Structures are given as structure tokens and as C-alpha cells.
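Keep in mind that what you see is a predicted model, and the values were worked out from it rather than measured. For the numbers below, each heavy atom of this structure counts, side chains included, while hydrogens, waters and symmetry mates do not.
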Amino acid sequence: MLIDIVTIFPGFFKDPLGESLIKKAQDKQLIDVRVHDLRKYTHDRHKTVDDKPFGGGPGMVMKPDPIFECVEDIRAKHPGGRVILLDARGERLTQKKAQDFAGRKHLILLCGHYEGIDHRVHEHLADELISIGDFVTMGGEAPSLCLIEAVVRLLPGVIGNQASLKEESFLQDVENGLEYPQYTRPRDFRGWKVPDVLVSGNHAEMKKWRSQGSREVTKKRRPDLQK
């Protein structure tokens, strides 16, 4: 998978993309992540990427021309690619959406900043808008990293044990919404003990316990997910 990131803060991605499974996926050539400095697509000495909004109002708005030029340059080298604008007004990122993105060969992520991006980018360049939640961040950089994390871990070969992807929160395989509680050693920690059923060796009872645990966690944490 090819992932192109368009941003005015390319340094934001240096450390996160060089750690953990994201780095391993790049080392194994499962993904190719390229970060593009939007200021390189400006044509004035100040490398201006924003301007005052028409009609007045607070803050600055990102100009459309550098963004279009950058994406057009990317597509000239690699035709196609799904253009995703990270925006608080977009569709909320879900596990199903992450699975859909994981099935694509090329993603182009646009990171907005300031008061937003000229609406002509929304209308004529972005294929879709994605939000990571009902809150506003300082820009699209952190949300784009969330999207990359959610998508890349689903690609074959990125996670060592693929079976671990089958029983996770928000998947249809987890019938009750959120994943059941997990425990590890020590069995007794400060008087808090691991449920006996998990060390009983009775797999049928463990399956029942996990199903019930999933229901209870979902009811407590995310009742809106209950069927």
C-alpha cells in the first residue's frame, strides 16, 4: 500500500512513522509512506499556504492552489489514489471504514490546519472527508496518524498473529460490541484475582464468560453499540 501525506508540518510524522509496527511494515515493504511538504508547492518567497477568509471572520483559511498542485503531482507519478481530507465535519472513522481503506492500494491524506481548507478542495479534490471523533484537533496531522494506525495493522503480514484481528471491539465477530476483558500473569495481583473460569481449561465456559463480559463492558462503556 502507498500512503501519501500532504501537510505543512512534515516533521510531525518523523518519529511516529519510525516506530513500532508502522516502521516494521515499511521495512518489510508492505507499505510505502511518503510525506509531502505543502509549502514546496507555493510560488511566493514567503511560501504562503493560507489567506484571510472571504466575507470576514477569525483566523486564516488554507489556500486551494498548493493543495491541488501537490495532489496532481502525486497522481502524475502514481495515478489514482483515494483522496481523504481529515476534517471534523467528515464521516466518523470506524473499524468498518478502516477495513475498507485497507483494501485499497493508495491513499492520499490531506491534513488541514488553521480555520480550515478552502471549500473547493472539499468539492472538487477530496473523495471523502473523515473525522476521528466529535472533537476538534489543531490540524489533520494527528487524525491522519490515527487513520494510518487503524488501516495498516489490518494489512496481511503487519501483525504477526492474524487471529488477533478476529476478536476485537467494533467487529461483527464480537457480537456484543466491545471486546471482552483480558488478563495475564500474575494470577493474583494485590488481591485482585483472575476469574477462575479463565484458568479452568474449559473452553466452552470461557467462551460463555467472554460473551457475557463483552455484553457487560459494552453496556457500561458504550450502550449505544448494543444490538
Please examine the side chains of Val83 and Asp127, heavy atoms only from C-beta on, and report whether any two atoms are closer than 4.5 Å. yes
Quick one: do Asp15 and Lys23 make a salt bridge, cutoff under 4.0 Å? no
Are the side chains of Glu149 and Ile22 in touch, meaning some heavy atoms are under 4.5 Å apart? yes
Using side-chain hydrogen bond (donor to acceptor under 3.5 Å, both in side chains) as the criterion, list what pairs up with Arg221, not counting sequence neighbours. none
May I ask you to test the Leu38-Thr7 pair for a side-chain heavy-atom distance under 4.5 Å? no
In terms of side-chain heavy atoms, does Gln212 have a donor or acceptor partner in Glu216 at a distance below 3.5 Å? yes
Is Gln29 atom CD crowded by more than 12 heavy atoms from other residues, nucleotides or ligands, each under 6.0 Å away? no
Are any non-hydrogen side-chain atoms of Val49 and Tyr41 less than 4.5 angstrom apart? no
Can Asp37 and Phe9 be said to form a side chain to side chain contact (heavy atoms under 4.5 Å, CB included), step by step? CA-CA 7 Å; Asp37 185 351; Phe9 296 110; over 6 Å; no
Is any side-chain heavy atom of Met62 closer than 4.5 Å to a side-chain heavy atom of Val121? no
For Ser211 and Arg215, test the side chains for any donor-to-acceptor distance below 3.5 angstrom and give the result as yes or no. yes
Measure the shortest side-chain to side-chain distance between Glu128 and Phe101 over non-hydrogen atoms and say whether it is less than 4.5 angstrom. yes
Do the non-hydrogen side-chain atoms of Ile74 and His106 ever get within less than 4.5 Å of each other? yes
In terms of hydrophobic clustering (I, L, V, M, F, W, Y; side-chain heavy atoms under 4.5 Å; direct or indirect links), are Leu155 and Leu2 co-clustered? no
Show, in sequence, the C-alpha distance, side-chain angles and deciding distance for Asp32 and Lys105, and conclude whether the salt bridge (Lys or Arg N to Asp or Glu O under 4.0 Å) test is met. CA-CA 10 Å; Asp32 183 4; Lys105 294 182 179 179; over 6 Å; no
Under 4.5 Å between side-chain heavy atoms, hopping through other hydrophobics if needed: is there a path connecting Val61 to Val71? no
Does this structure show an ion pair linking Lys208 with Glu205, if we count only N-O contacts that are shorter than 4.0 Å? yes
List, by chain and then residue number, the residues other than Met206 in its hydrophobic cluster (Ile/Leu/Val/Met/Phe/Trp/Tyr, side-chain heavy atoms under 4.5 Å); write none if there are no others. Tyr183, Val194, Val197, Leu198, Trp209
Identify whether Tyr114 and Phe135 are in the same connected component of the hydrophobic contact network (ILVMFWY, side-chain heavy atoms under 4.5 Å). yes
Run the salt-bridge test on Lys40 and Glu69 with the 4.0 Å N-O cut-off and return the result as yes or no. no
